[in-house]
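Since the structure is predicted, the reported quantities are computational estimates derived from the model, not experimental observations. Ligands are counted one by one from 1 in listed order, and the atoms in each one are counted from 1 as well.
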Amino acid sequence: PAVAAKPVPSEVLPFEAIPRSGHSAWLNLYRFWRSNDLQNLHHLMQRNFQNLGPIYREQLGTFDAVNVFLPSDAAQLFQVEGIFPRRMGINSWMAHRTSRNHKCGIFLLNGEQWRSDRLVLNKEVISPAGTRKFLPFLDTVAGDFADFLHRQIRKNTRRSLTVDLYRDLFRFTLEASSYALYGERLGLLEETPKPESQKFIDAVETMLQTTLPLLFLPPGLMRWAKKKLWQEHMEAWDIIFSHAEKCIQNIYQEFCLGKPRKYSGIMAELLLQEEMPLDSIKANITEFTAGGVDTTAIPLLFTLFELARNPHVQTAIREEIKAAESQGSRELSKVLNSMPLLKGAIKETLRLYPVGITVQRYPTRDVVLQNYCVPAGTLCQVGLYALGRSPEVFSDPQRYDPQRWLSKEENSSFKALAFGFGSRQCIGRRLAESEMMLFLVHVLRNFKIDTVSKDDLKTVYGFILMPEKPPLLTFRPTD
Ligand SMILES: C[C@@H](NS(C)(=O)=O)c1cncc(N2C(=O)c3ccc(Cl)cc3C2(C)C)c1
């Protein structure tokens with residue numbers, strides 16, 4: 001009998017055939033440095049996708065990655081990430097922990113160590129039950145911020161306030177996340193905040209800024225090639241760790257003197273549970289303290305700007321907030337879940353301004369991306385900036401339209417990737433989302449927000465995506 005002809009699979013192309021950006025690895029790195037182009041990495045990736053197509057390979061010094069941006073390819077990477085998903089390590093951060101003999105938090109851990117810490121932390125930091133417990137703390141701080149703005153306005157004769165909110169937003173996110181983590185107020189929203197906390201905020205910014213130029217260098221080289229930068233980086237880390245150490249000591253001492261009877265923050269719960277050694281709790285709480293400042297403040301600034309230059313969207317969200325509140329004061333998590341448009345605004349901000357511009361994975365087995373064979377162990381990156389602004393993925397991508405997330409279609413299908421995906425996604429996701437939503441509920445209920453410039457904000461990449469110049473915003477009381 002004739003053998004049935006087997007269907008010919010459209011043959012998968014070899015790995016070496018993937019289009020490449022730039023030239024040799026070291027020449028590329030040199031060009032980046034000389035042209036200070038690292039801060040435009042997100043724009044360069046977008047241009048490479050436009051010129052080379054939906055997949056391309058990039059070599060920068062020792063860094064060698066396959067870049068994709070379509071949701072279907074992100075889904076493929078999720079399928080092969082395994083039970084210990086991995087991102088590229090950060091040499092300068094690891095070097096600091098080793099030299100000071102600090103333990104690493106889950107961001108820097110991998111394998112079994114990562115998984116065992118992550119599973120314990122999930123319960124207090126990202127689970128719905130854990131989130132419900134710290135929501136009231138965030139709500140208190142968001143309310144205090146609205147009062148802080150009212151106090152500033154009363155100082156003016158014109159009953160309005162035009163301000164660069166950049167520094168105030170950093171104080172808000174540090175105040176809010178510290179309250180959720182330690183159950184303690186830092187007092188950053190009062191008239192004279194303690195200089196020590198401002199020093200911490202500045203140290204986080206310096207650390208993030210100095211991370212980028214060191215990112216693509218092997219440890220040995222980075223100490224000598226960029227001596228001054230290296231010292232600045234180490235000093236910033238030492239300030240970060242000493243601040244976190246002080247907060248942790250305070251609560252640990254109180255804990256030893258008598259176990260708190262009611263919920264008093266994430267750190268206290270971790271101490272009570274005794275499922276993690278103290279030095280691991282410290283390492284992770286330090287990551288959360290430092291990781292909870294810029295990452296949440298900057299998207300808030302972008303959201304305020306977009307609501308200021310899209311007054312109709314701002315009004316629609318204000319109506320949604322009033323409607324949600326008129327349904328009587330129910331539990332905070334229920335109130336937040338009855339504001340889909342506000343949630344959509346957060347998603348819209350993170351689509352256009354993704355704080356982390358890529359999600360990285362090492363496939364645990366060979367995977368086919370855009371019909372090319374990508375071997376297991378190859379560093380792959382999903383370009384979130386290109387994804388969020390691609391007309392192939394979002395209709396009318398330039399338009400700030402929270403409504404687009406209310407339709408079933410947009411929500412699923414690997415399009416909202418700003419917090420990553422799977423078991424290794426951002427553990428601070430619920431903390432960040434809740435902080436931003438509660439902040440906007442209190443601010444939008446009390447103030448109308450305006451801005452003069454309607455032009456797009458230029459963005460720069462400094463290990464986090466931020467505005468080149470912070471926008472000037474005007475706040476006027478609504479009543
Ligand atoms: C910006 C984005 N980059 S990412 C992870 O997508 O590549 C990001 C997202 N979520 C958290 C962070 N963190 C920080 O900012 C930070 C500072 C100091 C320490 Cl000790 C730990 C951190 C982490 C990694 C938590 C950074």
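Close approach to R97 involves these atoms of ligand 1, each under 4.0 Å from a residue heavy atom: 20 (Cl). Below 4.0 Å from some heavy atom of G291 lie the following atoms of ligand 1, by number and element: 13 (N), 14 (C), 15 (O), 16 (C), 17 (C), 22 (C), 25 (C).
Looking at R185, its side chain never comes within 3.5 Å of a backbone N or O of E175 through a donor-acceptor pair.
In summary, K469 and D164 do not engage in a salt bridge, as defined by a charged side-chain N under 4.0 Å from a carboxylate O. Ion pairing of E433 with R430 is present here, as a side-chain N (NZ or NE/NH1/NH2) and a carboxylate O approach within less than 4.0 Å. Remark: R20 does not engage D64 in a salt bridge, criterion side-chain N to carboxylate O under 4.0 Å. In this structure, D168 pairs ionically with R171, as a charged nitrogen and a carboxylate oxygen lie closer than 4.0 Å.
The shortest heavy-atom distance from D294 to ligand 1 is not under 4.0 Å. Within the structure, ligand 1 lacks F288 among the residues with a heavy atom less than 4.0 angstrom away. Within the 4.0 Å heavy-atom shell around ligand 1 one finds M207. Ligand 1 lies nowhere less than 4.0 angstrom from a heavy atom belonging to H96.
Counting protein heavy atoms only, atom 7 (O) of ligand 1 is closest to F463 CZ, 4.5 Å. Ranking protein heavy atoms by distance to atom 11 (C) of ligand 1, first place goes to T295 CG2, 3.9 Å.
Neither the backbone nor the side chain of M88 has a heavy atom within less than 4.0 Å of ligand 1. Under 4.0 Å from ligand 1, not a single heavy atom of Y461 appears.
Looking only at atom types and distance, the side chain of H43 has no donor-acceptor partner in the side chain of Y461 under 3.5 Å away.
Taking the six-membered ring for Trp, F148 and F145 have ring centres closer than 6.0 Å.
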